[in-house]
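Residue numbers start from 1 in every chain, and the chains themselves are labelled A, B, ... in the order their sequence lines are given, proteins ahead of strands.
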Amino acid sequence: MKTTIQEQDNQFVVNLDGELDTAAALETEKVLQPLFKSNGKDVLFECEKLEYISSSGLRILLGILKGARANGSKVIMKGVNDDIKSVFKLTGLISLFELA
Amino acid sequence: MLKTFWERLVHVLRTNISLTVIVVAALLLELTTGLMYYSAQNIIQRTMERLVESEMNVIYLNIRNQLDKAMVTTDSIPAHDANWLDGVLNEGKMYKGTQRFLVTGDYHLLAGEDCLIYQEALEQLKTDSDHQGYVIQKDEEGQKKHVFYAPVGGVTDWVLINVLDDCEVFGKLRLMRRILLFLALAGLLIVGFIVWRASRHLERLRQVNAAKDRIDNELRIASQIQMEMLPEQSPQMKRDDIDIYGSLVPAREVGGDLFDYFIRDEKLFFCVGDVSGKGVPSAMLMAVTHAMFRAVSAHDNNPAHILQNINETSCEGNESNMFVTMFVGILDLPTGHLCYANAGHDAPVIVGREALPVKANIPLGLFDDFTYQMQETTLEGGSMLFLYTDGLTEAKNRQRKQFGLGRVMTVLADFADLSPEQLLEKMTGEVHAFVEGAEQSDDLTMLAIRYTPVSRELVLDEQLVIQNDVHQVPQLNAFVKQVMERLGIEASLAKKLQLAVEEAVVNVMEYAYPTGASGEISLQVSSDGQSLKFVIKDQGVAFDPTMNELPDTTLSVEDRPIGGLGILLVREMMDSINYERTGGMNVLTLIKKIKH
């Protein structure tokens with residue numbers, strides 16, 4: 001699992017690549033730590049290469065979303081595949097995130 | 001008041017035909033009496049006139065005869081002694097009070113005593129040219145008099161005046177008339193009174209009937225509701241491993257017995273209960289108990305806890321000291337492990353064998369601090385449990401003899417091979433034959449459960465043991481992925497199953513082992529070609545993930561808790577989830593159908 005953050009055009013762009021299982025979530029959470037206290041910038045997740053996500057991964061996303069909402073910024077998920085979309089649907093997260 | 005009476009009268013007459021007939025008959029009778037009275041008066045009046053006429057004729061004849069005999073002429077009057085004419089005049093009076101006067105053509109009084117009535121008659125006579133007529137006049141005392149006058153004829157120009165006293169002629173008739181009137185009025189009053197009383201009674205009867213109808217109707221609906229509370233023989237229960245059938249026949253419209261069953265997380269929850277007493281009070285408590293059973297067992301897998309919970313609630317405010325006997329069982333369908341607890345109910349019977357060894361404990365609703373004890377056993381494949389209420393064993397025939405447990409056991413032994421439904425029909429038939437139509441005195445409830453676990457040949461059986469460490473999750477996922485590939489499971493479904501297994505295992509890591517403690521978790525994957533079974537075992541502290549409350553997925557970002565998604569995903573991805581604590585191990589079984 002590879003996770004990278006870039007700051008560009010006044011927003012964070014996160015690239016998620018691989019399987020975000022419970023073990024990987026530990027590492028990813030560390031990498032994404034800066035986003036939890038969002039300074040008002042929008043967050044764009046590039047998910048084209050995200051193959052799998054477990055509930056610990058969803059928890060990270062939900063945590064970032066809560067922080068962003070509190071500051072009035074947006075969290076956008078881009079390129080989410082159908083399998084992950086169905087996980088979003090089952091957990092009700094689909095109505096909380098902006099899926100692009 | 002009068003208006004309401006009138007309205008009520010009309011209402012009563014309209015709604016009660018027999019009463020109307022009586023009233024009409026009474027009124028007709030009154031009318032007939034009245035008509036008879038008037039015709040009687042007319043007849044008497046005419047008779048009187050005729051009598052007077054004949055009376056007068058007699059007198060004329062007499063006078064003329066006497067005159068002829070005495071050779072008197074009108075001019076020689078009074079040649080004879082005045083008393084002679086008086087004698088003739090007053091002969092043959094029908095009524096004693098009759099006064100008679102004889103007047104000459106020039107209105108000179110020949111016989112009779114001059115008085116007011118005579119003067120009045122004379123005045124009338126003078127106005128009458130043919131000297132013949134009938135008038136009614138009053139004398140000095142105001143008494144009514146009938147005055148008849150007519151010429152004597154013959155050689156005389158005399159006129160005879162005959163005065164009848166009305167009181168003498170019609171007095172008796174008038175008295176009769178008063179009596180008749182009184183009787184008629186009394187009759188009318190009596191009829192009115194009868195109608196009034198009847199109307200009051202009828203109104204009350206109508207109200208009572210309406211109230212009864214309403215109660216009957218409500219009872220019918222209550223009975224319907226009560227029957228609807230019983231579990232349907234629903235398609236959900238059409239499973240290979242369980243055949244279950246219950247019947248409840250209340251002694252009255254509604255009853256105090258209950259039975260229930262449902263399957264949650266591959267466990268069959270079932271109960272049979274009997275509320276003390278019968279009828280509406282019992283039915284109400286039955287409904288409450290039933291609801292409590294449903295509510296408590298929705299999130300508790302321990303039958304003793306379920307009873308304890310219902311008991312505590314039942315004891316609160318139980319002023320009427322009603323109680324409930326109840327047996328609760330939870331059958332783990334994958335293993336046949338049966339946990340049960342009893343609250344003073346009759347012990348269930350293992351059909352064809354003996355009664356289940358059951359601690360009686362005490363009924364629900366008596367002491368809120370009582371601790372119910374759970375018992376356990378394992379049901380063999382093919383065995384059948386039979387539960388009942390005392391309405392079965394205590395069913396009485398006309399000789400007040402009870403059906404008895406002995407007969408129940410005999411029927412169960414003789415028909416052990418029947419299906420639950422057939423067995424209950426058979427038992428019901430036997431009870432009916434025994435009681436011979438004696439009135440059912442208590443609610444009769446039976447529940448039969450046959451447990452037939454299915455075992456198919458496994459096409460796959462793999463096991464993985466990992467440490468209690470999230471860093472081993474990739475290893476777990478790789479194992480599951482590889483198994484899915486071997487079974488040829490389509491990628492999208494494989495990912496879902498992988499996710500469910502990961503969530504279940506991570507859940508164990510997080511909750512079954514305290515932080516820092518190490519331990520093993522084993523995952524067994526097996527398939528019979530029809531379904532996939534994942535069994536996750538660990539030796540950590542007892543932890544039942546099926547008891548976890550699921551998060552509300554409709555909440556907003558702000559209200560949404562971060563956790564709780566794991567078990568939600570397991571439930572969503574799998575067809576069934578089942579937890580058992582056996583041999584000091586947590587055993588979580590996840591099942592997914594792969595062929596339909």
Side-chain angles (χ1 to χ4, degrees), chain A residues 1-2 18-30 32 35-36 38 42-43 47 50-77 80-99, chain B residues 466-481 484 489-511 521 523 536 545 548 550-574:
Chain A
M1 176 73 196
K2 252 169 42 191
E19 299 202 355
L20 184 50
D21 61 22
T22 312
L26 295 173
E27 190 58 37
T28 305
E29 191 167 2
K30 274 183 206 154
L32 296 181
L35 302 187
F36 280 92
S38 150
D42 291 347
V43 183
C47 304
L50 181 65
E51 287 166 27
Y52 177 89
I53 190 164
S54 71
S55 68
S56 30
L58 296 174
R59 277 208 286 268
I60 297 170
L61 297 180
L62 198 52
I64 291 171
L65 180 66
K66 280 189 178 227
R69 281 284 170 93
N71 284 308
S73 50
K74 288 192 287 187
V75 176
I76 300 148
M77 311 288 298
V80 180
N81 74 29
D82 287 348
D83 288 337
I84 295 178
K85 245 182 214 162
S86 79
V87 173
F88 268 62
K89 262 182 209 155
L90 290 177
T91 52
L93 296 186
I94 196 145
S95 59
L96 304 183
F97 287 94
E98 249 180 73
L99 269 71
Chain B
I466 58 169
Q467 291 301 307
N468 168 37
D469 180 358
V470 285
H471 290 106
Q472 300 225 329
V473 167
Q475 200 183 323
L476 171 81
N477 284 349
F479 169 74
V480 174
K481 224 181 266 180
M484 299 295 131
I489 302 222
E490 171 262 319
S492 179
L493 177 61
K495 269 208 179 118
K496 283 182 179 163
L497 295 175
Q498 181 192 326
L499 179 59
V501 173
E502 180 188 333
E503 297 296 346
V505 170
V506 168
N507 214 47
V508 171
M509 290 174 174
E510 281 176 9
Y511 295 103
I521 299 169
L523 168 68
I536 300 160
N548 274 23
L550 295 177
D552 183 349
T553 58
T554 60
L555 292 177
S556 67
V557 179
E558 291 74 21
D559 299 333
R560 196 64 197 268
I562 296 277
L565 294 175
I567 282 301
L568 174 72
L569 285 170
V570 177
R571 284 200 179 271
E572 292 290 347
M573 304 297 186
M574 291 294 176

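Summarising the geometry, atom OG belonging to S556(B) is positioned 8.0 Å from atom NZ belonging to K66(A); distances are rounded to the nearest 0.5 Å. With rounding to the nearest 0.5 Å, the separation of CG in L90(A) from CD in E572(B) is 5.0 Å.
Contacts with chain B were tallied for L62(A), I60(A), N81(A), L58(A); L62(A) has the most, counting heavy-atom pairs under 4.5 Å. Residue with the most contacts toward chain A among Q498(B), H471(B), M509(B), Q472(B): Q498(B) (heavy-atom pairs, distance under 4.5 Å).
In this structure the side chain of T22(A) reaches within 4.5 angstrom of the side chain of E502(B), judged on heavy atoms. S54(A) has its side chain within reach of L499(B): a pair of non-hydrogen atoms, C-beta onward, lies under 4.5 Å apart. Looking at I53(A) and K495(B), their side chains never come closer than 4.5 Å, going by heavy atoms from C-beta outward.
D21(A) touches chain B through backbone and side chain together, each having a heavy atom under 4.5 Å away. When heavy atoms are compared at a cutoff of 4.5 Å, R69(A) approaches chain B solely by way of its side chain, counted from C-beta outward. Neither the backbone nor the side chain of T554(B) comes within contact range of chain A; no heavy atom of the residue lies under 4.5 Å from a heavy atom of that chain. Of the two parts of L476(B), neither the backbone nor the side chain holds a non-hydrogen atom closer than 4.5 Å to a non-hydrogen atom of chain A. Looking at E510(B), only its side chain comes within 4.5 Å of chain A, counting heavy atoms on both sides.
By the 6.0 Å contact criterion, OH on Y511(B) is open, its count of non-hydrogen atoms from other residues, nucleotides or ligands being 12 or less.
For the residue pair S55(A) and L565(B), the shortest heavy atom distance occurs at CB-CB, 4.0 Å. Of all non-hydrogen atoms in T91(A) and L568(B), the two that sit nearest each other are CA-CD2, 3.8 Å.
Using a 4.0 Å cut-off between a side-chain N of Lys or Arg and a carboxylate O of Asp or Glu, E51(A) and K481(B) do not qualify as a salt bridge.
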